[in-house]
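For reference, the structure discussed in these notes is given below.
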Amino acid sequence: MEKTYQPQALEQEWYKTWEEKGYFKPYQDGLDGEGYSIMIPPPNVTGSLHMGHAFQHTIQDALTRYKRMQGKKALWQVGTDHAGIATQMVVERKLAQEGQPDRHELGREEFTKKIWEWKEESGGTITSQMRRLGNSVDWETERFTMDPGFYKAVEEVFVKLYEDDLIYRGKRLVNWDPKLHTAISDLEVENKDVKGKMWHLRYPLADGLTYTDSEGNEKDYIVVATTRPETMLGDTCVAVNPEDARYQHLVGKDVMLPLVGRRIPIIADEYADMEKGTGCVKITPAHDFNDYEVGKRNELPMINVLTFNADIREEGQTFNFDGTVNEELSGFIPEKYRGLERFAARKEIVADFEAAGLLVEIVENDMVIPYGDRGGVVIEPMLTDQWYVDAKTMAKPAIAAVENGDINFVPKSYENMYFAWMNNIQDWCISRQLWWGHRIPAWYDDQGKVYVAQTEAMVREKYNLDASVNLSQDNDVLDTWFSSALWTFATQGWPNLDDPEVAKRLADFHPSDVLVTGFDIIFFWVARMIMMTMHFCKDGEGKAQVPFKTVYVTGLIRDETGAKMSKSKGNVLDPIDMIDGIGIDELLEKRTGNMMQPQLAEKIGKRTKKEFPEGISAHGTDALRFTLTALASTGRDISWDMKRLEGYRNFCNKIWNASRYVMLSVAGEDVVEAAAENGSKIVITDAMKAACGANGEEAILSLADRWIISRLQFVEAEVTRHLDQYRFDLAAHALYEFIWNEYCGWYLELSKPVLWDENSSEEAKRGTLGTLVRVLEATMRLAHPFMPFITEEIWQQVKVLAGKSGDTIMLAPYPVAQDAFRDADAEADIKWLQDVITAVRNIRGEKNIPPSKPLDLLFKNGGDDDFRRAEENQTFLKKLAQLENLTWLNEGDEEPMSVTQLVGDMEVLIPMAGFIDKDKEVERLTKSVEKLDKEIERVNNKLGNPGFTDKAPAAVIDKEKEKAAGFARDITKLKDQIEKIKAL
RNA sequence: AGGACUAUAGCUCAGUUGGUUAGAGCGCUACCUUGACAUGGUAGAGGUCCCCAGUUCGAAUCUGGGUAGUCCUACCA
C-alpha cells in the first residue's frame, strides 16, 4: 500500500470490473428484495456533464448503491434526451463553421442524418463522464428519446391524447422565435428588464370629425401610446376604456390609420387603462397577446404584417377573429416598408410619423422584453397553426396527486411553486417547426383536413381513405419535453404491455421511487411527467399511477462568489477536472476557446489565472463525491469551495492510512511495503486470519474495542436514518466524524498500547486486531454509497480478515445497527478516559510542556468509578497522555504545587514545582471561576423565577438544578486551588 | 405587483417537536517531523444567531413588522 491515497491508480479499474461483471443490473443473483428505481433526468445527448449533474448523479448513485446493498432490485435508469432546438442549433452552427451546405440546401432527410452522425460522435462524452463519476447505472437498458421504441411510445401517446380530445390544433398567437423559425412554449421565453421607449402617435379622426378636449382645445385626432410603432401596420382598431369620459363620445367613430390609410374603428374595451399612456391604445391582434384577446372579445379582424423572420411582409395576411381567412379586408402595406427588418421598420415608421407631424412625444419607459432562451433574440407573437395539449384538464389529477401525498416534494416548499403554476396552467404548445425530433403523426388531405394515427397506412385504414386521397404528413416535430414527459414509463418498454418482460419491468420499477432534479425544470419536466404518466399508466385496480413517489429537488452549484456558473461568465468547472486535475494552460483554453462571445475571453482568462494560478490538482472521484454529498443540505444552493474538496481529499487519505495502519498491524511492515513496491495486494495468509480471529478463535475485547464497536452501531443508525430522510449532508458528517475522530483519532491510538505491549496476551491482541479489521470493514460498507472506489479497494483487502466473503462491496449487505453491540458502560468509561487525557494535554498546551516530556499525574477526590477506571486504564493513560506515574492523593495528603483540571467531580493535578508561574496560574483559574460565576448566575436566576419552576417540565428543572450544583462544586474546587497556590 | 427562499464564527455551512456553556469544516494562533497519515497531531482564539416588537417561565428556533440578498411567476400601450 502506498503512503498516500492514489485514486487514479484504481478508480477506472474498479469501474471496468463492476461493469463487466454486471453489478449494475437490477436483476442479478443476490438481489431478492423488491424493486427500487431512479430514472435519471436525461441529459442532452450532445452535451457534457457539469457540476450540477455531478451533484445530482452523486445523490442518485448514493441512493441506488444504498438500496442495492440492502438487497433491493435497484435500477438506476440511464439515458439521454435529443434536446430538439439545442441540438439542431449546434449542428447548424457546425455546418456553417465547416463551410458545408446549410440545412435548407441539404434538405430534411440529409440534415437529420447529419444530426445523427453528430450524436454518434459526441454522444460518448456523457457516458464516459458518468463512468468516471462511478455511476452505477444499468447500461444495458440505456435509452435515448429518439430510439425506435421510444418513438413508438411518443406516437402512441400523441394519437391517444388526440382521440381523448386532449390534443387539438388551432391558429393561435404563439411565441415565435424569428431566428430559429419555430414556436416555443411560454416557459422557453425569458423576460428581461430593459429601458425602452414609448412613442405617442397621433391617429387622425376619419370624416373630418373634431371634438373639444377637457382643456377646451379643438382636436381632429387622438393620441395612442405604443412601444412597438412598427406593428401599427397591422392595427385593426383603437380602444378606449368604456368609463373614460374623455373619449366616450368617440366610441363607434373611426380613425384613419396614418401611413396605411386604413379606416379603423374606435371601440370601448376595459383592457384600455385610463391611467396608462394617453388612455387610447392601438390594437394589433396579430402581434400582441393582450390585443389578441381584445380582438377576440370584439370580433375584430387580424392582420399579420410580419414574415417568419419578423420582417415586414409584402402584404398583410388578413383573418377573421376566429382565425379564418378574411377575403374582404385589405392587407395593404406601403411599399417603402415591405421587406424591412422589424427594428429597421420601426425607425422608418417613427421617422415618417415625425415628418408628417404626427409624433407627439417619446417617453423613456422601463419595460420587459421577451427573449427566446435558446436563440437569444426578441420573441415575436405570431399567428400560426400549432398543436396544443389541453393542460388544464390534465393538470387536475396531477395537482391532486401532490395534494394527497402520492407525490412528495423534498423540500416541501416546492409544492407551493408547483401548485401555483399548475392552478394557473396554460395550454401547452407542443409543435415545433424543427426537423430534429418526433415528427407529428398527423396527415392532411388536399383540403387540409387532419387525420391522426401512427402511420399513413394506419390513417387510411382508420379513416377509410383509399389511395385516391392525397395525404401528406405534418412537417412539424414535437417539443422535446413532450417525449421526456414519458420518461419513467417509456424507458421501461411501454406501450408494449403484452411483452411479459415489459410488464415485469413496469411492475418492478414503476412508479419510480425518487426523482432527483433541479428546481429549474419543475414546470418543464416534472409537472408534465406527472400529467402524462397519470393519464397513461394505471395500476392493477385501474388507478392512475404517479411517475415517482418523491421529488428530491436539488439546489444549484454556484462558484465561490455565489454566482451562477455559465459558459459566458467563464466560471464553469468540469467535474472531471476536479477528479484528474488540469493545468492552467489547458484550463484557460477550455474556458476561453470556442466562445460565442470572444470579446469576453480576456476577462475570463485573467479571472481564471487569478483563481487557479497553478491550475487544479487531482482529487479523485471519491473526494469529489463526498464533497458534493456533504454539501447537499436540502434545497439549498451550493457555493462551490475548492477548500472543501481539498479537505475531503485529505479525508480519503485519512481513510487510506487508517487501513494502512490496520494492514501494518496485521501483516507487518515488510509484507505491506513489499506489496507497495510491486503494486500488488497484500496476500492474506492463514496466520493473518488467525491473528484477527477470522475463524472464531478465542479473543478478549478491550474496553476500547467494546467502545468502538458500540460507536459503530451508533454511526450505522445515524447514517441510515439520515439517508432515509435525504439528509446527505448529515449522513456524510456522521461518517466523517466517526472515521476521523473516533476511529482514527481515538481508537487507533487506543489499539497501540495493546498491540505494542509485549505483555499483551494472544487473545487480547486478537481482540484488538479483530476489532480494528471488523470495524474498518463495516465502515467501508457504510461509506460505500458515497465513496465507491476507495471503499471497494480497502474492502477487498480486509474482507477475509473480517471473516467476510463476496466478490464486491457493491453487493455486500449494508450495515445494520445492532443494539446488542451497544455498550453504554464502555462509552462512559472511554468518555472518562478521553476527559482525563484531554485534561492533561490541555495542561501541556497551557503550560507549554512538550508532548514528549513524561509527566506525573495526581488524582484527587475520586469516586468508585474513578478509582476503577484509573486502575483499569493505566496503560491507556500512560501511553496516550505520556505519563510516568499515576498516584491518588488521599484526604489530608500534602499537595505539591500543581496545575489542575476538573474531570467531573475528580481533580487531575500535574505537579509542576519550579515551572509554575504563581500569578499566571491564579489568573487562569480566576478566569475559569468568573466564567462559571456567570453561568451559575444565569441558572440561578432561572431557578429563582417562580414562572419557570411552576411551568417548566420537571426534567428541565432537574437538569438546571444539576447544572447549578455542578457549577457550584467546580467553583469551590477552583477557589480552593487558588487559595492553595496563593499560600505557597 | 404577487410569491418563495435565505440571513448563525473571517469564509462555506449544520442546528431535529422552543430548554445546548450555540456546533462542524476551512482559515487563523501556538506547539509538535512520537514507529498509519505534515493530505498529519495537540491545544487555543474567534459569535449583538440581520434589526425591531410580540407570544412564552424560557426564542437562533414560534408570530408580526422592517432591512438586505437570491430566485420564480405575472404584467406594464
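The chains referred to below are lettered A, B, ... by the order of the sequence lines, with proteins before strands, and numbering in each begins at 1.
Taking the C1' atom of each, rU20(B) and rC75(B) are spaced 49 Å apart, rounded to whole Å.
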Intra- and interstrand pairs of RNA chain B - dot-bracket, Watson-Crick/G-U under 3.5 Å, | marks other strand: (((((((..((((.....[...)))).(((((.......))))).....(((((..]....))))))))))))....
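For residues 221-230 of chain A, the pairs satisfying salt bridge (Lys or Arg N to Asp or Glu O under 4.0 Å) are R228(A)-E230(A), R228(A)-E380(A), E230(A)-R346(A), with sequence neighbours left out.
In this structure, K752(A) fails the cation-pi test against F876(A), since its NZ or CZ atom is not both closer than 6.0 Å to the six-membered ring centre and inside 45 degrees of the ring normal. For the pair R625(A) and F786(A), the cation-pi criterion (under 6.0 Å, within 45° of the ring axis) is not fulfilled.
One interatomic measurement links the two molecules: CH2 of W421(A) to C1' of rA74(B), which rounds to 14 Å at whole-angstrom precision.
Put simply, the side chain of K3(A) and the base of rC37(B) share no donor and acceptor less than 3.5 Å apart. Checked by distance alone, Q426(A) brings no side-chain donor or acceptor within 3.5 Å of a matching partner on the base of rA74(B).
When the side-chain nitrogen and oxygen atoms of R649(A) are compared with OP1 and OP2 of rC37(B), none of them lie within a distance under 4.0 Å.
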At a cut-off of 3.5 Å, list every protein nitrogen or oxygen paired with a nitrogen or oxygen from nucleotides 24-31 of chain B, distance to 0.1 Å.
| from | atom 1 | to | atom 2 | distance (Å) |
| --- | --- | --- | --- | --- |
| rA24(B) | O2' | H733(A) | NE2 | 3.4 |

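Using a 4.0 Å cut-off between charged nitrogen and carboxylate oxygen, E937(A) and K934(A) do not count as a salt-bridge pair. A salt bridge links R246(A) to D244(A): at least one charged side-chain nitrogen sits closer than 4.0 Å to a carboxylate oxygen.
Taking the six-membered ring for Trp and thresholds of 30 and 60 degrees, F409(A) and Y418(A) have ring planes inclined between 30 and 60 degrees apart.
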